[in-house]
Chemist: 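Pasting a structure here, questions to come.
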Amino acid sequence: MTVLRGEGVSSGIASGKLIFLRRDAPSPVRREINDPETEISRFNEARNEAIRQLSKLYAESRAVLGDEHALLFEIHKMMLDDLDYRESVEGLIRSERVNAEYAVAQTASQFADMFRQMDDLYMRERSADVLDVSARVVRLLAGEEVSMPKGSEPFILAADDLAPSETARLDRGRILAFVTMRGSKNSHTAIFARTMGIPAVVELGNSLNESLDGKSVFVDGEAGTVYIEPDPKTESELRSRAHAAEERRRYFERFRGLDAYSPSGRRVLLGANIGSPQDLNLVLAAGADAIGLFRSEFLYLGRDAYPSEDEQFDAYRKAAEAMAGRTVVIRTLDIGADKQAKYFELPQEENPALGMRAIRICLTRPEVFKTQLRALYRASAYGNIAIMFPMIASVEEVRRAKEYCAQVCSELKSEGIAFNSETQVGIMIETPAAAIISDILAPEVDFFSIGTNDLTQYTLAADRQNEAVQPFCDVHHEAVLRLIRMTVENAHKSGIWAGICGELAADTALTDTFMEIGVDELSMPPGNIPEIRAKILDR
Ligand code: PEP
Ligand code: MG
């Protein structure tokens, strides 16, 4: 038996086969081939598929972003159709008898060099495009970026780390637990595991390596331990711990359906955090009073093009209908930083967490923002939807965002499309700036929801993604608690409600403090709700 120790970030015990996540190598290796004509048809099949994808991207971007943004995809398509480009790839395959991936990569780098040396600025800028479009063809030749093991068997997923765009692509029904080399408690991998209610251990370092692929393991998400081929004694201990956890779950069940009140008699809603309509059954199973945070950006991740208005409308409507009158707070697109989607073509940044993300992107790309707002308002006719803007730092941003809401409402009205004109509009308090000016933000909105994950990283200047600085990131730091208190007090002075939707909402060590502060809603991974309800009610 081998024991690996890391940081437990989502509790529970799971056992199964350990499978490593496969990703394609970004730089294709040279392989000798026997049959150049077969390689050439592989190349042409991938090229045609890339052209098909680009046509779709072009049409969707044109509808959402306008001609100028869409033009790029048209240029990429033209490059793949270019006779010189095709002849170069096919010539290399024939003359050097090499694989298509290698021939495409070689051609791309020759063409990029050639563009780079041109006098014309426009042509020089095409060098990045030829590399980009060729990478698309190479990916198609080599397969998906993230590949799940074939078959239907459940398994424990191992990886160095998982990007949010990758978690969005996973076939979640088969994953029993996550174990990763890197990651941190507030990284989105950890949040994803907690939302799904499966155990996860991160920060296992190099002890987690591919030689363990296929081994039978037990994961203890509470202790942060992974047992490789455990001996019978350890296995039976783990099984009895899993049994004890089950008993606790049964005890929490006694409080299902009961409303939670603070000792001073204030109703506290217990909400669920979700990333997609796939999570709705977990929300209902947990007996949530509301959805306090729907991270809508997951609808945009793990795909090649923007979700259409109708696609988003379907997802929001499903959530509204499933909650049957209970509030569903949907956060508008919070993309950027660790949540990346290539088709957004976000700039490479030195400090992405402090960069172009969330509301900043929405306010600079109004077509994307308005498409989402239209979908949200249309869905508001089917339940109790509330709209929430992320990463707010100024009053001006709130006013501009609300201006887009007003535009969308008047468009829908003139088109005769139903929506709820009383839809609540709120903001996340996740920058210290927003907490500090919460007194002047409160009169602008219907509610606040405190995002303690980002609020903590920005207040303590400690990157939530960087495990090396986690020891310097005290999640109970007095500075964060004071900002929470200040925010809630300012909300109440203006007669609006204030909740917490960061991971701290599920921290049982702070439940009493939050009651004393007067927090109106605690929103958390669905699986934590029964425990927090029991904690509040069992006095
Ligand atoms: C937060 O920052 O606390 C939050 C809830 O948003 P996210 O974790 O998605 O950044
Ligand atoms: Mg946040």
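The model shown is predicted, which means the values in this text are computed figures rather than measured ones. Residue numbers start at 1 and run along the sequence shown. Both counts, for ligands and for their atoms, begin at 1 and track the order of listing.
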Chemist: I'd like to check which ligand 1 atoms, numbered from 1 as shown, lie under 4.0 Å from a non-hydrogen atom of D454.
Modeler: 1 (C), 2 (O), 3 (O), 10 (O)
Chemist: Hey, is L293 touching ligand 1 through its side chain, its backbone, both or neither, going by heavy atoms under 4.0 Å?
Modeler: side chain
Chemist: Decide whether the shortest distance between a heavy atom of E503 and an atom of ligand 1 is less than 4.0 Å.
Modeler: no
Chemist: So do M524 and E531 actually touch side chain to side chain, heavy atoms under 4.5 Å?
Modeler: no
Chemist: When you check the space around the Mg ion (ligand 2), which protein N, O or S atoms turn up under 2.8 Å?
Modeler: E430 OE1, D454 OD2
Chemist: How about E478: does its CD atom have over 12 heavy atoms from other parts shown lying under 6.0 Å from it?
Modeler: yes
Chemist: Is there side-chain contact between R464 and T456, with at least one heavy-atom pair below 4.5 Å?
Modeler: no
Chemist: A side-chain contact here means heavy atoms from C-beta on lying under 4.5 Å apart; do L280 and I291 qualify?
Modeler: yes
Chemist: Which heavy atom of the protein is the closest neighbour of atom 6 (O) of ligand 1, given with residue, atom name and distance?
Modeler: R331 NH1, 2.9 Å
Chemist: If you draw the axis of the six-membered ring of F313, does the NZ or CZ of R378 fall within 45° of it and under 6.0 Å from the ring centre?
Modeler: yes
Chemist: Is any side-chain heavy atom of F514 closer than 4.5 Å to one of I484?
Modeler: yes
Chemist: Taking the side chain as every heavy atom from C-beta outward, state whether P263 and M515 have any pair of such atoms under 4.5 Å apart.
Modeler: yes
Chemist: Could you tell me whether the side chains of Q372 and Y306 share a donor-acceptor contact shorter than 3.5 Å?
Modeler: no
Chemist: Heavy-atom distance to atom 10 (O) of ligand 1: which of R295, R464, M524 wins?
Modeler: R464
Chemist: As an exercise, identify every atom of ligand 1 less than 4.0 angstrom from a heavy atom of G502.
Modeler: 3 (O), 5 (C)
Chemist: Quick check: T452 and ligand 1, any N/O pair under 3.5 Å apart?
Modeler: yes
Chemist: Under 6.0 Å from the CG atom of N206, do we count more than 12 heavy atoms belonging to anything else shown?
Modeler: no
Chemist: Can you tell which part of K339 has a heavy atom less than 4.0 Å from ligand 1: side chain, backbone, both or neither?
Modeler: side chain
Chemist: Please determine, by modelled atom types, if Q457 and D454 share a side-chain donor-acceptor pair under 3.5 angstrom.
Modeler: yes
